[in-house]
Amino acid sequence: MQKSLIASAVALSLLTACSPQPADTTAAVKTDVAAIWPKLDIAVKADPAVEAKVDAIMANMTLEQKIAQMIQPEIRDISVDDMRTYGFGSYLNGGGAFPGNNKHATPQDWIALAEELYQASIDDSVDGSTIPTMWGTDAVHGHNNVIGATLFPHNIGLGAANNPELMEKIAHTTAKEVMATGIDWVFAPTVAVVQDDRWGRTYESYSENPAIVREYAAAVVRGLQGHADGDFLSDQRVISTVKHFIGDGGTVGGDDQGDNIATEQQLFDIHAQGYVGGLSAGAQSVMASFNSWHGDKLHGHKYLLTDVLKERMGFDGFVVGDWNGHGQVKGCSNQSCPESINAGLDIFMVPGDWKALYHNTLAQVQDGTIPMSRIDDAVRRILRVKVRAGLFDKPSPAQRPLAGKQSLIGHPEHRAIAQQAVRESLVLLKNNAQTLPLSASAKVLVAGDGADNIGKQSGGWTITWQGTNNTNEDFPGGSSIFAGIKSQVEQGGGSVELSVDGSYTDKPDVAIVVFGEEPYAEGHGDRETLEYQRGEKTDLALLKKLQAEGIKVVSVFLSGRPMWVNPELNASDAFVAAWLPGSEGAAVADVLFGQADFKGTLPFSWPATPTQIVNMGDKDYAPLLPIGFGLTYTAPSTLSNALSEDNLEGETAQKAVDILTGTVQKPWEIWLYSGAERLSVNANTHSIGALKYRTIDKEIQEDARKLSFAGGEQAGIRFASKSFFREDLSALLTAQSALTFNVNVQSPISGPVLLGMNCEGEGDAAGSCDAKLDISATLAALPANSWQSYSIDLKCFAQNGIDLKRLVVPFDLSSQQPLEIGLADIRLIPGEAANATMQCQN
Ligand code: BGC
Ligand code: BGC
């Protein structure tokens, strides 16, 4: 966040950057669809035999059975009996969801769950349906939820390799490991063409170059599903999904789930190219995106989902929603969203709220809100894909040829393909005096916290959703970067010492320092600038220390995006962008030590400043290094050792962060809770347990909020970030800031009033980070029944355990006693700490 603060500047640069024509602010007004969108030549053709089979199945289906086909719950939220009762058309496991919640589940455990749910789906004893269900998973860089699976480099590294044949092999290999666990369907490839690398999903993108994404999308779809005229969806293949439709890589400010304001022509030229490639190759599903286009959420976008994608481009598979994405459409909630279906969504991805959504959807068809023709179209599409995939003919998951084959998971041949990908993905940015390749008979020091850290080198979507909390033991069969260096040096007669902090006993000839970004996924990875280590530059200090000691420094940089690393480049003799190589880290050493020359080239332009948003084709294209750049051993290194180290902090100086200023500011949302109940505020008045909430007037209409606590149980109001994404507000702490707001105390204070902050969100694996301070005494001292300003030094929260680098809730006010209180103008203001009502010791 805070990106919103500089969002308008970015919006401008985006528009001037990628549009040959002047910005068209009326882009949301659609043109004639045929003028921009082509009819695609799709490899998988309509087949009368398939349609006849679908007709026959549908002829006997009840409305309930049809709705069930459109509901996709998550394994953590359903039982086998739920499947028997409802007969869901599909289900998923989210990132970091395993059978029995066991991270170490074996392929047999996965198969057992697939088999049970499949058998329940074809058991007609309760729902009368025998239609097989199907299981979808995020195998986005290999079968990444499964311990021991081959983990390929994340897409950004594969883009650097620029090798479509290799991509097809990787995808086929992934399909086989997925089939070994009984899963039918993969939510990949991501075909975002990222235009602002501050986006947390940049590493899921192959390139800023639409042509690479188009070609790769086709290769991956063929690798996953097989060729349309070959072993299409055979028992060695899985259904693929091109995602997220459309424009996810082009939101203003690189905001995850944000707004794309490209013109319709840009939408096609840049963001649609992966669909042109993937759909032409026969992808059977498309995932709708969380983002909006000119303010309208894609999950409710009839024009783009139906007119463009289905009718014009000719896609005849199904559109699946993203994780509760329908709930973000105006007028919808996770439990109810006829708008999405009417717009063209065919399957709701609704992890937990499936029961309410199922019943509401049913009622909305019965009362005519959703036309029956739309339901029939959605179900026809789902069944068409199931017939094409042979789900009615294939044996049950446990009986399929690859089922439960432990040997396929992380098979040596699969790892060899991943190792090739690692070698080809490395991009050499700097190589003074041909520092690389290194001699394997040298005395080598290996430093940095990424050197012997398979979790860090694998990034997000690795065993867990965020990719955090993994140790090397979680990667049986995998290898760290250090392991590869060690084996090269040992074979070459040199010596090697591993020392994270760069200390040594025996002075080395060369130091290889492996460092970079910590794992993240989705909005948790959104950043305000591209500066690496925007606070304390501990890795730079390490590089400088080694150089000062007269040791040659080779930097191996792990990151999910290009970053501004000028100081780190200056402090390196050679610098390798290694992206996120995955489980086969040892292959990095093959290239460092001369077994294979560098081959990778930049899939994204490398920024010249922390705030530069730069893409190929920009009018004044001036990155530090252009897309396509990449040295080989013998190429002359052109980077200076004195690149500008000005991080332009002045331009990005800390500004106030608004939370509630009349309206709730982005990215915050209001939640109310009482005891274990909670609700997301979407109206002017709410009542939940012991708490009543309403908007009131302070200066202008409805600019303040009134809370009435009845007492009895702990109830409160909480401002949390959108989707509970972590926000880095640590710069506010350095800027001596205070949390400030206006209060109007309208009843006696009869007990503790807690003001809290919190760093936990849903899916946050990073552990507890929660502080609640009792402010009742200071509140009681304020004059009653009038608006008073109140502020509290941010340090008070930091000292009580809040990590402002990953804040989720900046304001949480609660009480267990009766209390009437007004609230307004909630902000975090730099420089206010010294004047705060509530101070803390230093
Ligand atoms: C992501 C998708 C993913 C889905 C299921 C969402 O949050 O945006 O890419 O496929 O979750 O895990
Ligand atoms: C799931 C992910 C999903 C995310 C969306 C997590 O709990 O495991 O798959 O993408 O939530 O917010």
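Heavy-atom basis, side chains included; hydrogens, waters and symmetry copies ignored.
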Any salt bridge linking Asp229 with Lys45? Criterion: basic side-chain nitrogen under 4.0 Å from a carboxylate oxygen.
no
Measuring only between side-chain heavy atoms, which start at C-beta, is Leu345 closer than 4.5 Å to His299?
yes
Judged by modelled atom types alone, do Thr181 and His143 share a side-chain donor-acceptor pair under 3.5 Å?
yes
Between Asp235 and Lys394, does any side-chain N to carboxylate O distance fall below 4.0 Å?
no
Carboxylate-amine/guanidinium proximity below 4.0 Å for Asp307 and Arg312
no
Is the distance between the ring centroids of Phe725 and Trp199 under 6.0 Å?
no
Could you tell me whether Arg718 sits above the aromatic face of Tyr673, with NZ or CZ closer than 6.0 angstrom to the six-membered ring centre and within 45 degrees of the axis?
yes
Pair Lys310 + Asp346: basic N to acidic O under 4.0 Å:
yes
Strictly by modelled atom types, are Gln364 and Ser336 linked by a side-chain donor-acceptor pair under 3.5 Å?
yes
Step-by-step side chain to side chain contact (heavy atoms under 4.5 Å, CB included) determination, Met287 to Val319
CA-CA 6 Å; Met287 189 182 290; Val319 177; over 6 Å; no
May I ask you to decide whether Glu339 forms a salt bridge with Lys302, counting only side-chain N to carboxylate O separations under 4.0 Å?
no
Carboxylate-amine/guanidinium contact Asp376 Lys66, below 4.0 Å
yes
Correct closest heavy-atom pair for Gln69 and Gly87 would be NE2-O, 3.9 Å
Is there a donor in the side chain of Asp82 and an acceptor in the side chain of Thr85, or the other way round, less than 3.5 Å apart?
no
How about Phe719 and Trp668: are their ring centres within less than 6.0 Å of each other?
no
Can Glu74 and Trp354 be counted as having a side-chain donor-acceptor contact under 3.5 angstrom?
no
Assess Arg678 against Trp671: is NZ or CZ under 6.0 Å from the centre of the six-membered ring, and within 45 degrees of the ring's axis?
yes
Does a donor on one side chain sit under 3.5 Å from an acceptor on the other, for Gln284 and Gln225?
no
Is there a donor-acceptor contact under 3.5 Å linking the side chains of Thr464 and Gln466?
no
For Val320 against Gln72, the heavy-atom pair lying closest together
CG2-OE1, 4.1 Å
Basic-acidic side-chain contact under 4.0 Å: Lys53, Asp393
yes
Compare all side-chain heavy atoms of Phe348 with those of Ile341 and state whether any distance is below 4.5 angstrom.
yes
A side-chain contact here means heavy atoms from C-beta on lying under 4.5 Å apart; do Pro189 and Val221 qualify?
yes
Salt bridge flag under 4.0 Å for residues Arg400 and Asp184
yes
Looking at every non-hydrogen atom in both residues, tell me the closest pair between Ala283 and Phe315 and how far apart they are.
O-CE1, 3.5 Å
Would you call Asp377 and Arg384 a salt bridge, using N to O less than 4.0 angstrom?
no
Aromatic centroids of His244 and Trp323 separated by under 6.0 Å
no
For the pair Lys692 (side chain) and Thr685 (backbone), establish whether a donor and an acceptor sit closer than 3.5 Å, ignoring hydrogens and angles.
no
Work out which heavy atom in Asn260 is nearest to a heavy atom in Trp293; give both atom names and the distance.
O-CD1, 3.2 Å
